[in-house]
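Data block below; observations after.
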Amino acid sequence: MDIRRFVDSPLRRLARVFAILAVLGGSIAGCGEVRDFLTPAPPDVAGEWKGLLDEARAFERRIGFRDTANFRRFSGEHESFPFCGYVSRFYLPYSYEDAHIRWLESASEAECAGAGDGADTYFGAVEAWGESASPVTPSMIESKLDRFLYLVIHEDCHDQFDLPFGIEEALCNVIAYHAMAAFTAEKFGRFARANRAVRRYVDVEVAHTRATVTYYEQLAALYARYERAEISSDALLEARAAIFMKAERALDREQGDLNNLTLANEMTYSRHYPYLESVFKALGQDLAHTVAFFRHVDRTKPSRAAIMKRHRIAAEESVESIRAHEGSVVETIARALAEARTAGGAQGVAYRDAR
C-alpha cells in the first residue's frame, strides 16, 4: 500500500483550500483542529465493546470466517499475557520460531532482563492469544478502537488457517488491516473520525512493516559478514547499534527497544507481507475471495513430511525447515493464483464457494 495516497494527496488538497481561503479573506481552523482532522485520535471502546465485538464478528462471517472460540467471555484473571525470550547478540534469528531463541513460560521483567549472559532479551505482553479460546481481557477493553478491532480480527484469522506462522502472521495482518478499515467505513462512514483513525493506524503499521524488512535485511547482511569472519565481534556490535538507531526512528520505537530478538519477532509479521498484499490486490481486493483463496491454498499445500523429504531436512525445528515450509506455501500460492488467472472469473467463484 502506498501511504502517500492517504497522506500526501489530502495535504495537497488542504493546501489549495487554505490558499483560496486566504485570498478570499476567509478564516480557517486552528492548527490543532486541522491536525485532529488529519490524524484523529481513535475512540475508546470501554463502554461499547460488547456490541462492537458482535458487529465485528458478524462482519467476519460475511467475509468467510468460521466462528471461533475466542472472545466469548470476559476474564479479569489476566490483564494481558506476558512473554520473555532471549538469544545471543551474535546470532540473528530468522523469526520468532527460530530454535536458537529461548522462550520462557513465566518470568518477570527483571528476571527476563537478566536471562542469558549478555544476551538480547525481549519482555512483552499481548492482550490476546489466537487459537487458544482467548477471552476478552481488561487490556483489550482499555485499548482504543483501532487496536481492539485489530486484535479481534487478527486473532480470529489465526483460527481460519493452518499455515506456517511466517505466512499466517503476515496474511492475518493483510486481512485484518483491510477488514477493519472496511468495517469502520461501513459502520461509521468513510469520513467519520473512527474510520479515519483506523485508516491512519493501518497506514502507519504498513509503513512500519516495510521499514522492518529494510532494516532486518541490512542487519542480515551485516551478520553474514561476521559469519564469514570479515569483521570482528566489536565491529559487528558497533555497526548493528547504528542500524538499530535508524530502525528505532523509522519504527517509532524508544531508544534501546530494538535488538536481534525484537526485530526478528517483527520480521515474522513482515517478511511475506508485501507479497501477500500483492496477492490480495490480484484477487481484486475482495476480502471474501481472499479468505476462500487461502483456504484453498491451505488444503492444497504439501505436507511438512513431504517438504522435509524433498529438501532432505532432518531437523523439523531447524531454520532450514521453517524456510522450506514457508517457501513451499509461497509456491502453492503462486500456482493457485496462476490457475485462477487461467480459469478467469469461474475460478474466483469456485474459491468463494469453498468455505
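Starting from 1, each residue takes its place in the sequence as its number. All of these numbers come straight from a predicted model, not from anything done at the bench.
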For Tyr201 and Tyr177, take the angle between the two ring planes, folded into 0 to 90°, and tell me which bin it lands in: parallel under 30, tilted 30 to 60, perpendicular over 60.
perpendicular
Determine yes or no for a side-chain-to-main-chain donor-acceptor pair under 3.5 angstrom, with Ser318 supplying the side chain and Ala314 the backbone.
no
Between atom OG1 of Thr212 and atom CG of Leu258, what is the distance when rounded to the nearest 0.5 Å?
8.0 Å
Should Asp146 and Arg200 count as an ion pair when the cut-off is N to O under 4.0 Å?
no
Does the pair Glu155/Arg57 count as a salt bridge with the N-to-O cut at 4.0 Å?
no
Sorted by chain and number, sequence neighbours left out, side-chain hydrogen bond (donor to acceptor under 3.5 Å, both in side chains) with Asp252 holds for His208
To the closest 0.5 Å, what do you measure between CZ (Arg102) and CG (Leu261)?
13.0 Å
With Tyr122 via ring pair (Phe, Tyr, Trp, His ring centres under 6.0 Å) - residues at least two apart:
Phe83
For the side chain of Arg196 and the backbone of Phe191, is there at least one donor-acceptor N/O pair under 3.5 Å apart?
yes
Report yes or no: does Lys246 contribute a side-chain atom to a donor-acceptor pair with the main-chain N or O of Ile243 at less than 3.5 Å?
no
Checking Phe183 now: which residues fulfil ring pair (Phe, Tyr, Trp, His ring centres under 6.0 Å) with it, not counting sequence neighbours?
Phe59
What I want to check is whether the side chains of Arg66 and Gln160 have a donor and an acceptor closer together than 3.5 Å.
no
Pairwise salt bridge (Lys or Arg N to Asp or Glu O under 4.0 Å) hits with a residue in residues 228-240, at least two apart:
Asp120-Arg240, Arg225-Glu230, Arg228-Glu230
Taking it one step at a time, do Val152 and Met140 satisfy side-chain contact (heavy atoms from CB on, under 4.5 Å)?
CA-CA 9 Å; Val152 170; Met140 285 182 67; 4.0 Å; yes
Can you give me the closest heavy-atom contact between Asp257 and Thr262, atom names plus distance?
O-OG1, 3.4 Å
Reported CZ-to-CD distance for the pair Phe148 and Glu48, which is rounded to 0.5 angstrom
10.5 Å
What distance separates Ile167 CD1 from His272 NE2, expressed to the nearest 0.5 Å?
4.0 Å
Just to verify, what does Ala235 make a side chain to side chain contact (heavy atoms under 4.5 Å, CB included) with, not counting sequence neighbours?
Ile231, Ser232
Checking Arg190 side chain against Glu186 main chain: does a donor-acceptor pair fall under 3.5 Å?
no
Let's go through Met180 and His154 carefully: what are the C-alpha distance in whole Å and the side-chain angles of both, what is the deciding distance for side-chain contact (heavy atoms from CB on, under 4.5 Å) to 0.1 Å, and is it a yes or a no?
CA-CA 10 Å; Met180 58 197 286; His154 181 93; over 6 Å; no
When rounded to the nearest 0.5 angstrom, what is the spacing between CD in Glu331 and CD1 in Ile307?
9.0 Å
Could you tell me which residues satisfy salt bridge (Lys or Arg N to Asp or Glu O under 4.0 Å) with Asp98, sequence neighbours excluded, listed by chain and number?
none
May I ask you to check if Arg193 and Phe188 form a cation-pi contact, with NZ or CZ under 6.0 angstrom from the six-membered ring centre and within 45° of the axis?
no
